[in-house]
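Below: one structure, written as structure tokens.
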Amino acid sequence: RKEVEQDPGPFNVPEGATVAFNCTYSNSASQSFFWYRQDCRKEPKLLMSVYSSGNEDGRFTAQLNRASQYISLLIRDSKLSDSATYLCVVRNTDKLIFGTGTRLQVFP
Amino acid sequence: ETGVTQSPTHLIKTRGQQVTLRCSSQSGHNTVSWYQQALGQGPQFIFQYYREEENGRGNFPPRFSGLQFPNYSSELNVNALELDDSALYLCASRSGTENTGELFFGEGSRLTVL
């Protein structure tokens, strides 16, 4: 079983739609959680950290459920520029473990 | 721009050969990690260096080795290349004093093994 599991998608949504991605992790001792974004043929970049209380950054909302070992990312009012792969990331001790990524394609 | 540079950007090797990939970390960052990203997969942790010492390793065989230099630049060496080693190799740096989870990645070295 992979340490971090995500639905690979692709999710094809129209502009303006709301889309949600989910992720589960297997190590209950994981310390912190993140979403990274990776554009096609580019390097991953930090999108946002994920806190137990839930956190929001503009159109993006992240949630963490430690009891269920579940992380989510909600994108509201999707833009064409949101098209990318979204990587769920978990920190165990001093290393980051990446999920496979969920591909999002926003169409006009 | 993250300030992390990698070379070469693309290269082609044949099975059994050896390869060295190079990374120059962002100024002030003394921790460097290497990741392997196969097509359609997320980055997989290979190892991490802090102040020239390896301080973490993923599930990769010993033929994957590395170095970090006093200026914090780094190398990844892969011996006895196999077809499955074809991937994007990403170098990432961060400050060792604060692990916020933000890694600054280079654009990667795309290795093809024939």
Side-chain angles (χ1 to χ4, degrees), chain A residues 1-11 21-27 29-52 55 57 62 64 71 73 84-105, chain B residues 1-6 9-10 21 23-26 29-51 53-60 66 87-110 112:
Chain A
R1 183 187 171 191
K2 291 184 178 178
E3 285 193 69
V4 179
E5 300 219 42
Q6 294 181 253
D7 179 346
F11 284 56
F21 304 139
N22 304 317
C23 163
T24 58
Y25 61 95
S26 61
N27 187 344
S30 298
Q31 294 141 318
S32 20
F33 310 89
F34 312 91
W35 285 99
Y36 271 68
R37 170 189 168 135
Q38 186 171 25
D39 293 302
C40 188
R41 304 189 75 82
K42 304 289 269 182
E43 73 276 19
K45 292 184 180 176
L46 179 66
L47 178 66
M48 59 195 302
S49 301
V50 187
Y51 304 114
S52 297
N55 50 297
D57 182 1
L64 166 65
I71 306 163
L73 176 68
T85 295
Y86 290 83
L87 298 157
C88 177
V89 185
V90 167
R91 182 165 73 87
N92 294 338
T93 57
D94 209 28
K95 66 181 182 183
L96 296 188
I97 310 297
F98 287 76
T100 304
T102 299
R103 193 154 63 90
L104 172 66
Q105 183 67 51
Chain B
E1 293 294 330
T2 63
V4 179
T5 57
Q6 292 187 242
T9 54
H10 296 80
L21 308 178
C23 172
S24 177
S25 59
Q26 188 181 104
H29 286 182
N30 54 17
T31 300
V32 173
S33 310
W34 284 91
Y35 286 80
Q36 179 196 67
Q37 187 172 25
L39 198 61
Q41 301 295 314
Q44 299 295 307
F45 177 73
I46 303 175
F47 44 56
Q48 177 174 279
Y49 280 83
Y50 171 66
R51 292 187 172 180
E53 296 283 332
E54 183 182 296
N55 74 341
R57 190 177 181 94
N59 294 326
F60 280 81
L88 179 68
Y89 288 85
L90 293 161
C91 169
S93 75
R94 64 172 178 85
S95 169
T97 57
E98 186 179 349
N99 191 354
T100 63
E102 182 165 17
L103 290 178
F104 297 86
F105 283 91
E107 294 190 357
S109 293
R110 191 167 296 279
T112 301

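Below, chains carry the letters A, B, ... as their sequence lines are ordered, and counting in each starts from 1. For the numbers below, each heavy atom of this structure counts, side chains included, while hydrogens, waters and symmetry mates do not.
Of all the listed residues (K42(A), K45(A), Q38(A)), the one sharing the greatest number of non-hydrogen pairs under 4.5 Å with chain B is Q38(A). Contacts with chain A were tallied for G58(B), G106(B), A92(B), G40(B); G106(B) has the most, counting heavy-atom pairs under 4.5 Å.
A heavy-atom distance below 4.5 Å is not found between the side chains of S33(B) and L96(A).
Here the closest heavy-atom approach between residue F98(A) and residue Q44(B) is recorded as O-NE2, 4.4 Å.
Note that CG of L103(B) is 10.5 Å distant from CZ of R91(A), once rounded to the nearest 0.5 Å.
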Going through the checks in order, is the side chain to side chain contact (heavy atoms under 4.5 Å, CB included) test met by K2(A) and Q41(B)?
CA-CA 12 Å; K2(A) 291 184 178 178; Q41(B) 301 295 314; 3.5 Å; yes
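Heavy atoms of Y35(B) lying under 4.5 Å from chain A belong exclusively to its side chain. With a 4.5 Å cut-off on non-hydrogen atoms, Q31(A) does not touch chain B at all. Interface residue E107(B): backbone and side-chain heavy atoms are both found under 4.5 Å from chain A.
Enclosure of atom CZ in R103(A) is not indicated, since only 12 or fewer non-hydrogen atoms of other residues, nucleotides or ligands lie within 6.0 angstrom.
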